[in-house]
There are 2 protein chains.
Amino acid sequence: MIRLSRMADYGVVVMTHMAWRRHENQTAHQVAAGTGLPEATAGKLLKVFARSGILTSHRGAHGGYELTRTPEDISVAEIVEAVEGPIALTLCVDEHPGHCGVEALCPMRGGWNRINAALREAFEGLSLAAMAFPAPPEFAGPGGRPAVGL
Amino acid sequence: MIRLSRMADYGVVVMTHMAWRRHENQTAHQVAAGTGLPEATAGKLLKVFARSGILTSHRGAHGGYELTRTPEDISVAEIVEAVEGPIALTLCVDEHPGHCGVEALCPMRGGWNRINAALREAFEGLSLAAMAFPAPPEFAGPGGRPAVGL
DNA sequence: CAAAACAGAACCGATTTGGTTCTATTTTGC
DNA sequence: GCAAAATAGAACCAAATCGGTTCTGTTTTG
């Protein structure tokens with residue numbers, strides 16, 4: 001099983017929370033409470049996102065965070081990249097190009113690159129909005145989108 | 001950076017070697033020599049592949065391994081799954097479904113599933129042959145495919 | 001029966017990761 | 001202007017994971 005780090009997963013959770021509370025300034029404390037994450041951890045992620053530009057931070061008393069753009073305009077790729085670094089799937093691909101550790105068998109690069117491209121595309125094609133406000137199942141009846149967890 | 005475990009990477013290297021030496025019975029020792037991997041490690045991987053069915057093993061003196069199918073009929077997905085388990089990208093997706101640790105916010109599942117599907121497709125659509133014998137660059141001139149490392 | 005090979009489990013050390021804590025720095029309100 | 005509330009950012013520690021090795025057993029050949 002290829003694992004996305006738990007931090008990246010939590011990152012999406014945090015950003016989902018921010019999307020739900022759009023335009024309400026959220027402190028790290030509030031986010032932690034809302035998501036169930038430990039406060040220090042939520043804070044760490046929020047800082048990372050502020051740094052990467054997808055959240056805007058206000059410091060000082062009554063400070064907090066807010067989405068910089070609309071959830072439609074933020075991709076899951078950005079979220080994941082903020083906490084994990086570039087989305088790619090092998091050593092080969094971004095280590096000092098030239099010596100592949102084991103052998104000179106990097107014709108395989110082409111193959112890996114195809115996979116990496118597919119993966120990156122998938123991440124880029126998925127917006128925060130799609131995560132936070134999933135389309136209602138086809139015949140959900142009146143009321144539309146399914147009740148969300150909390 | 002999302003990392004494919006090094007073992008999975010080595011696994012592809014080993015299988016590539018097997019594709020190159022198709023029909024020649026290969027001992028763990030030979031594979032290790034050919035790939036540059038430590039013998040114990042190569043052996044471990046070969047066992048895993050034999051177990052999963054993409055290699056056939058012969059025990060006893062003059063034993064060894066051989067591809068069960070043609071390189072065209074073995075997907076990179078099979079190789080990676082043999083060493084890593086199912087190809088999927090989150091906790092959420094295959095842990096005891098129901099409690100998501102943090103909160104009941106698994107409407108996000110839909111999003112992750114899309115990404116997982118894309119990833120799995122990419123892996124399944126890539127054959128061992130494509131890895132081991134990459135298509136020659138468009139105008140490689142006569143002689144065709146580029147000389148392979150070793 | 002001995003040697004050559006695979007099968008499979010157990011094991012250890014090092015790296016990575018999750019998560020916390022501590023020290024600034026900035027802003028607000030009294 | 002000072003205290004309180006918040007973020008910024010680095011440093012740090014414990015625990016889980018992973019890469020790799022070793023050991024014991026089994027099968028086959030000559």
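Since the model is a prediction, treat every value here as computed from it, not as a measurement.
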>> Which heavy atom of Leu37(A) sits nearest to which heavy atom of Ala42(A), and what is that distance?
In response: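 Where Leu37(A) meets Ala42(A) most closely, the heavy atoms are CB-CB, 4.4 Å.
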
>> For residues 42-51 of chain B, which residue pairs pass the side-chain hydrogen bond (donor to acceptor under 3.5 Å, both in side chains) check, not counting sequence neighbours?
In response: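 Checked against side-chain hydrogen bond (donor to acceptor under 3.5 Å, both in side chains) - neighbours excluded - no pair reaches residues 42-51 of chain B.
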
> When rounded to the nearest 0.5 angstrom, what distance separates CZ in Arg22(A) from OG1 in Thr70(A)?
Replying inline: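 Between Arg22(A) CZ and Thr70(A) OG1, I get 5.5 Å after rounding to 0.5 Å.
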
> Can you give the first and last nucleotides of DNA chain D, 5' to 3', that have an atom under 4.0 Å from a heavy atom of chain B?
Replying inline: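 Endpoints of the contacted stretch of DNA chain D: dG19(D) to dT29(D).
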
Given atom [atom1] of [X] and atom [atom2] of [N], what is their separation to the nearest angstrom?
{"X": "Tyr10(A)", "N": "dG19(C)", "atom1": "OH", "atom2": "C1'", "value": "10 Å"}
{"X": "Met7(A)", "N": "dT16(C)", "atom1": "CE", "atom2": "C1'", "value": "13 Å"}
{"X": "Arg6(A)", "N": "dT16(C)", "atom1": "CZ", "atom2": "P", "value": "18 Å"}
{"X": "Phe49(B)", "N": "dA7(C)", "atom1": "CZ", "atom2": "P", "value": "13 Å"}

> Would a distance-only check, ignoring hydrogens and angles, find a side-chain to backbone donor-acceptor pair under 3.5 Å from Thr35(B) to Val14(B)?
Replying inline: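 Pair absent, no side-chain N/O of Thr35(B) close to backbone of Val14(B).
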
> Can you name the residues that form a side-chain hydrogen bond (donor to acceptor under 3.5 Å, both in side chains) with Ser52(B), not counting sequence neighbours?
Replying inline: none

> Taking only residues two or more places apart in sequence, or in another chain, which ones meet Glu124(B) in a side-chain hydrogen bond (donor to acceptor under 3.5 Å, both in side chains)?
Replying inline: none

> Which angle, to the nearest 10 degrees, lies between the helix axes at the two ends of the helix from dC1(C)-dG30(D) to dC30(C)-dG1(D), each defined by five pairs?
Replying inline: 10°

> Can you pull the salt bridge (charged side-chain N to carboxylate O under 4.0 Å, His left out) pairs that have at least one residue in residues 55-82 of chain A, sequence neighbours excluded?
Replying inline: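 Those involving residues 55-82 of chain A are Arg69(A)-Glu78(A).
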
Any residue meeting side-chain contact (heavy atoms from CB on, under 4.5 Å) with [X], in chain and number order, not counting sequence neighbours:
{"X": "Val83(A)", "value": "Ala8(A), Leu45(A), Val48(A), Phe49(A)"}
{"X": "Ala50(A)", "value": "Ser57(A), Tyr65(A)"}
{"X": "His62(B)", "value": "none"}

Protein N or O to nucleotides 4-6 of chain C N or O, pairs below 3.5 Å:
from: dA4(C); atom 1: N3; to: Ala61(B); atom 2: N; distance (Å): 3.2
from: dC6(C); atom 1: OP1; to: Ala28(B); atom 2: N; distance (Å): 2.9

